[in-house]
Number of protein chains: 2
Amino acid sequence: MSVGRETRLSAWIERFAAHFAEEGIPLIGGRILGYLLVCQPVERTAAELSQELEASSGSISTNLKYLVNVGLVTKRTRRGRQAAEYRINEKAWTDFIQRKLNAIASVQLLTDDGMRLLSGDPERAMRLKAVDHLYGWLSEELPALWERRPASPK
Amino acid sequence: MSVGRETRLSAWIERFAAHFAEEGIPLIGGRILGYLLVCQPVERTAAELSQELEASSGSISTNLKYLVNVGLVTKRTRRGRQAAEYRINEKAWTDFIQRKLNAIASVQLLTDDGMRLLSGDPERAMRLKAVDHLYGWLSEELPALWERRPASPK
DNA sequence: GATCCCCTTCGGTCGACACTGAAATCATCG
DNA sequence: CGATGATTTCAGTGTCGACCGAAGGGGATC
């Protein structure tokens, strides 16, 4: 007997959340992200998320606030509806990833400052130079690569 | 009256450590890294690091073990010397960065699995598809970019 | 304005992890 | 083999952050 699609999807959501937990996103935040990526219908209220994901209303609220803040989720309120509806904002994933790439490239600012402090002592600067060289290259190439990113599929 | 170079370097080390602390590397581990990148002479014993960085011998030991493990620092023991000497391994920075890039690209494995679970329901898969598309592109381009990385400067 | 939901806020708990310092371990040398 | 000096191990402490659930506040409907 095979497991149902929804069961497998919830296992997938858990894997999804686990991955982002390693990157510092709270587990429940990751679950919300994964869930909103595959749920039907696409919009959910906080109460629904709380029930589906078996998390307290407080945790849902905190994490939604965070996700809305970074743009990965959008909140929609409607007149005549007391409950706000939340949905994934696929568009924001580009910014999300760009921030990660920038974080890597930004080390170059650090190594650069370090090199300045060691100017006049090339011998001593050798170790830092090797690292600076690599990050210098990345800070050139990563933004350039990013410019070539494809548009979203239709 | 201007501050000395060593004072400014220790401030730089602190910034350096702070950056990597955000990426999950313990503060003391980051300090060791920064310090070993600029110290003169290049090799230090655990006891010296403990004194210079004002950290307990235990913390130094734990963090050196971690740094040696990921390859960023190498340990050298010498006959006739009870104290091991530690130094930066500039070469290992490439692997270190590659792991970061891989971590980003590896999300594609997740989105791919998700797409499989939603096959047969293109409507519902639309949101995930947008994200999968982006990560698919990254998982092509990042390794390709990495292949073009420059050799260390002489 | 009273009622009813729903959401957010907030105090409190729990677990994880960095760090310390002392004790145990290990290697070298007399 | 004992002494010495260095490192690793380990138990204990403190901090931080995720999470919960109850209390409070804001809309919407009547």
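Side-chain atoms are counted along with the backbone in the values below, which use heavy atoms only and exclude waters and symmetry mates. So that the names make sense, note that chain A is the first sequence line, chain B the second, and so on, each numbered from 1.
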Query raised in the report: Going hydrophobic residue to hydrophobic residue with side-chain gaps under 4.5 angstrom, can you get from Y35(A) over to F20(A)?
Result: yes
**Report entry** Spacing between Q51(A) atom CD and dC7(C) atom P, to the nearest angstrom
**Finding:** 12 Å
Report summary line: The side-chain contact (heavy atoms from CB on, under 4.5 Å) partner of L36(B) among R44(B), R31(B), R87(B) is R44(B)
**Report entry** Under-4.0 Å side-chain N/O to phosphate OP1/OP2 contact, S59(B) with dT20(C)
**Finding:** yes
Query - Rounded interatomic separation in angstrom, taking CD1 from I60(B) and P from dA18(C) - result: 14 Å
Report task. Give one of base, sugar-phosphate or nothing for Y66(A), where a contact means two heavy atoms less than 4.0 Å apart. Result -> nothing
Query raised in the report: In residues 12-37 of chain B, which residues come under 4.0 Å of DNA chain C by heavy atom?
Result: P26(B), L27(B), I28(B)
Query raised in the report: When you check the phosphate oxygens OP1 and OP2 of dT8(C), does a side-chain N or O of K75(A) lie under 4.0 Å from one of them?
Result: yes
Query - Atom-pair distance (CD on E54(B); C1' on dG21(C)), nearest Å - result: 16 Å
Query raised in the report: Is the shortest distance from a Lys or Arg side-chain nitrogen in K129(B) or D132(B) to a carboxylate oxygen in the other one below 4.0 Å?
Result: no
Query raised in the report: Thinking salt bridges, do E6(B) and R124(A) make one under a 4.0 Å N-O criterion?
Result: yes
**Report entry** Between P of dC19(D) and CG of N63(A), the distance in whole Å
**Finding:** 6 Å
Report task. Please state whether the rings of W93(A) and F96(A) are parallel, tilted or perpendicular, taking 30° and 60° as the class boundaries. Result -> perpendicular
Query raised in the report: Are D95(A) and R99(A) within salt-bridge range, i.e. N to O under 4.0 Å?
Result: no
Query raised in the report: Atom CG of L64(B) and atom P of dT8(D): how far apart are they, to the nearest Å?
Result: 7 Å
Requested in this report: Give the rounded distance in Å between these two atoms: CG of L67(B) and P of dT8(D).
Outcome: 12 Å
Query raised in the report: Counting side-chain heavy atoms from C-beta on, which of dC7(C), dT7(D), dG21(D) comes nearest to S56(A)?
Result: dG21(D)
Report task. Under 4.0 Å between any heavy atoms, over every strand shown, what does S57(B) touch: base, sugar-phosphate, or nothing? Just pick one. Result -> base
Query raised in the report: Which nucleotide, dT9(C), dG21(C), dT7(D), lies nearest any side-chain atom of S61(A)?
Result: dT9(C)
Report task. Decide, yes or no, whether a salt bridge links R149(B) with E141(A) under the criterion of side-chain N to carboxylate O below 4.0 Å. Result -> no
Requested in this report: Using whole Å, report how far CD of E48(A) lies from C1' of dC7(C).
Outcome: 14 Å
**Report entry** Integer-rounded Å distance: dC6(C) C1' and E85(A) CD
**Finding:** 12 Å
Query - Distance test, side-chain N/O of K65(B) to OP1/OP2 of dT9(D), below 4.0 Å - result: yes
